[in-house]
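Please read the structure below before turning to the comments.
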Amino acid sequence: MTARTLMIQGASSSVGKSFLTAGLCRVFSRHGLRVAPFKSQNMALNAAITITGAEIGRAQAVQADAAGVVAEAAMNPILIKAEADGLCQVVVMGRSIGTMPAGSYRAMRSQLWPQVMEALDDLRSRFDLVLIEGAGSPAEVNLSQGEIVNMKVAEAADAPVLLVGDIDRGGIFAALLGTLDLLSPSHRARVHGLIVNRFRGDRELFAGGVEFLERQGSLPVVGVVPYVPIRLPVEDSLEIAVLRAPRPGSALDVAIIHLEHLSNFDEFDGLVGEPGVSVRLVDRAHELGQPDLIVLPGSKTTVVDLLALRSAGLDAAILAARQAGSAVLGICAGYQMLGHRIDDSLGVESVHESVPGLGLLPAWTTFGASKVTAQREATVVAGCGLLAQAKSQVLRGYEMRMGAVLSTATVPLILDGRSDGSMSDDGWVVGTSLHGLLSDRLTRRLVLEALAERKGVSLPPPAAPPSDPFDQLADVLEGSLDLAQIERMAGLVRV
């Protein structure tokens, strides 16, 4: 039996498509269905690594988790990762096929379409329901020619479409009705219902708005979803505005260097929620000061971002802060930047053959043509400094890198039986290729306690482990969506 399909499209980007799709994955899985998420083409720097080492969009991995199934490449057959100068890395079925100008990718979409359909058909053969997420808006008329992520997918999958608008940003009527008005008759017929997302206040006060949308759009409003402060690690999960406003009176100050091509930033979400810790993004030298911890995060374009960092004077600011006592943690590209030199003679990420790093670690990076993508089990072996209290801690993370790093320094981690990373003699500068060190709840707490002990301050007790956010979100959707009507649209029968 071929799985039923339901597609979530948006009146614009960032209206909550990924969020709602994740919630619906949990809702329908709780109803006894085996559910798979699907997004044919995702553009994001926040990626996930599957158990087979495939690279997919973070949102689809989160949605798979919500559905209680294992994430796989078929759930996001095409991932586009933006680089500098209008270039993008194209990942197909979890593996990079190279870097190219954006225009070249657009020209090859028709060649990739059969792989999109093969992935979708494969999922439909193994699941009861495939929840499909669109991208941006189906009414972006300048991009609609040759698109393979919105209405073309809906037509191929014979999927009813629910169109989502974000009332929190304003203009909900123009957004939803204008989108419908710009669709061709055949595409408009694909839309079966409207969803108003992120509503604040008394739902009854919007009754007239629902009536207006239904009358003008000739479609049912199948839900008014309230604004819910639930954080999911999807592509845009790290709220930049929140990190621009440090928490006053915090015991610890953590500064994350805001690289232009900052990637996999969801690994800092847990850090943001730690009691007594102020986390801030810094992209100007004068803003850095002397934080307790400086984090150099991952980047899609290591050399370009290193040169931009240097141009902004942040290199000198980081070195001065380290000299004054700040601890420094470099993750993946950030680790490579902390070394003495980065060589890219093959032009993998830039036109610069060799650039000096910050020189805080005795490490040298060489970029090669192959990309490492793998989940890893890590053991902390550092005996001093930043990771001293976390020694012998075992955690899971992943590697996603192009460069190979050679180092003569003490090793802080063992990844699947091999050495990884570098650390300074005093242990307060650490670099690692592993993403996830600060995602692991216990390891993160032990790192923060080492910083607090060094500073002579006490941290508040750790927050209680959060309840399952997917069940919280599913409860909200169960109470705010007309699920019976949505199920009829998708041809579903409850079991």
Side-chain angles (χ1 to χ4, degrees), residues 36-83 88-100 112 115-116 118-120 122-123 126-127 233-235 261 263-267 297-302 331-336 346 348-349 365-379 394-405 413-421 432-440:
F38 179 80
K39 186 168 184 175
S40 61
Q41 172 194 289
N42 204 340
M43 180 173 288
L45 290 179
N46 237 14
I49 302 298
T50 71
I51 59 173
T52 63
E55 186 178 358
I56 65 173
R58 172 64 63 183
Q60 281 61 64
V62 168
Q63 291 159 3
D65 194 17
V69 299
V70 177
E72 55 181 283
M75 295 172 178
N76 176 212
I78 303 173
L79 175 63
I80 310 299
K81 307 187 78 171
E83 296 184 356
C88 61
Q89 184 184 73
V90 180
V91 179
V92 178
M93 290 304 292
R95 305 297 175 191
S96 173
I97 64 171
T99 295
M100 61 190 70
L112 296 176
Q115 290 177 271
V116 169
E118 182 179 346
L120 179 57
D122 178 35
L123 292 177
R126 296 184 283 118
F127 291 87
V234 292
E235 283 97 13
H261 302 95
S263 66
N264 297 84
F265 45 80
D266 62 300
E267 63 185 310
S299 166
K300 186 64 195 69
T301 54
T302 308
I331 298 171
C332 196
Y335 169 31
Q336 296 168 355
L346 296 179
V348 174
E349 284 195 359
T365 299
T366 303
F367 282 110
S370 61
K371 186 173 187 178
V372 176
T373 56
Q375 293 186 2
R376 301 293 189 199
E377 182 175 274
T379 302
V394 177
L395 65 145
R396 294 204 63 84
Y398 60 93
E399 284 189 282
M400 185 186 303
R401 57 179 173 82
M402 298 293 292
V405 185
L413 299 170
I414 299 295
L415 304 186
D416 288 343
R418 63 172 177 78
S419 301
D420 174 76
T432 176
S433 298
L434 182 78
H435 290 277
L437 192 69
L438 297 179
S439 299
D440 182 80

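Being a predicted model, the structure only gives us computed values, none of them experimental.
Summarising the geometry, atom NZ belonging to K81 is positioned 8.5 Å from atom CG belonging to N46; distances are rounded to the nearest 0.5 Å. Rounding to the nearest 0.5 Å places CD of Q375 at 13.0 Å from CG of L415. Atom CG of L395 and atom CG of D440 lie 5.0 Å apart (nearest 0.5 Å). Note that the CG atom of L123 and the CD atom of E118 stand 11.0 Å from one another [nearest 0.5 Å]. Remark: E399 CD to H435 NE2 distance equals 8.5 Å, nearest 0.5 Å. Taking CD of Q336 as the reference point, atom CD1 of I331 lies at 12.5 Å (rounded to 0.5 Å).
Salt bridge absent: R58 and E267 never bring a charged side-chain N and a carboxylate O closer than 4.0 Å. By the 4.0 Å N-to-carboxylate-O rule, R418 lies too far from E377 to be salt-bridged with it.
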How far apart are the C-alpha atoms of L79 and E55, what are their side-chain angles, what is the distance that settles it, and do they pass the side chain to side chain contact (heavy atoms under 4.5 Å, CB included) test? CA-CA 8 Å; L79 175 63; E55 186 178 358; 3.9 Å; yes
Please assess K371 against R401 for the test side chain to side chain contact (heavy atoms under 4.5 Å, CB included), listing each intermediate value before the final yes or no. CA-CA 6 Å; K371 186 173 187 178; R401 57 179 173 82; over 6 Å; no
If you apply the rule side chain to side chain contact (heavy atoms under 4.5 Å, CB included), what do you find for V405 with Y335, and how did you get there? CA-CA 9 Å; V405 185; Y335 169 31; 3.4 Å; yes
Using the rule given for side chain to side chain contact (heavy atoms under 4.5 Å, CB included), can you reason through Q60 versus N42, listing the C-alpha separation, both sets of side-chain angles and the distance that settles it, and then say yes or no? CA-CA 9 Å; Q60 281 61 64; N42 204 340; 2.7 Å; yes
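At a threshold of 4.5 Å between non-hydrogen side-chain atoms, the residues V92 and Q115 count as touching. You'll find the side chain of L413 stays beyond 4.5 Å of the side chain of T379, heavy atoms only. Under the 4.5 Å side-chain criterion, counting only non-hydrogen atoms from C-beta, E83 is in contact with T99. I78 places a side-chain heavy atom less than 4.5 Å from the side chain of L112.
A donor atom on one side chain and an acceptor atom on the other are found under 3.5 Å apart for H261 and T301. Using a 3.5 Å distance cut-off with no hydrogens or angles, the side chains of S433 and R376 do not pair a donor with an acceptor. For Q63 and K39, the side-chain atoms include no donor-acceptor pair closer than 3.5 Å.
Of all non-hydrogen atoms in V70 and A64, the two that sit nearest each other are C-CB, 4.4 Å. Considering all non-hydrogen atoms of both residues, G94 and A73 come closest at N-CB, 4.1 Å. The two atoms that bring P77 and M75 nearest to each other are CD-C, 3.8 Å, heavy atoms only. Contact between I49 and T373 at its shortest, heavy atoms only, is CD1-CB, 3.6 Å. Of all the heavy atoms in C88 and I80, the pair that sits closest is CB-CG2, 3.7 Å. For A48 against A61, the heavy-atom pair with the smallest separation is CB-CB, 3.5 Å.
In terms of the ring-ring contact (aromatic ring centres under 6.0 Å, His included) criterion, F38 has no residue partners (sequence neighbours excluded).
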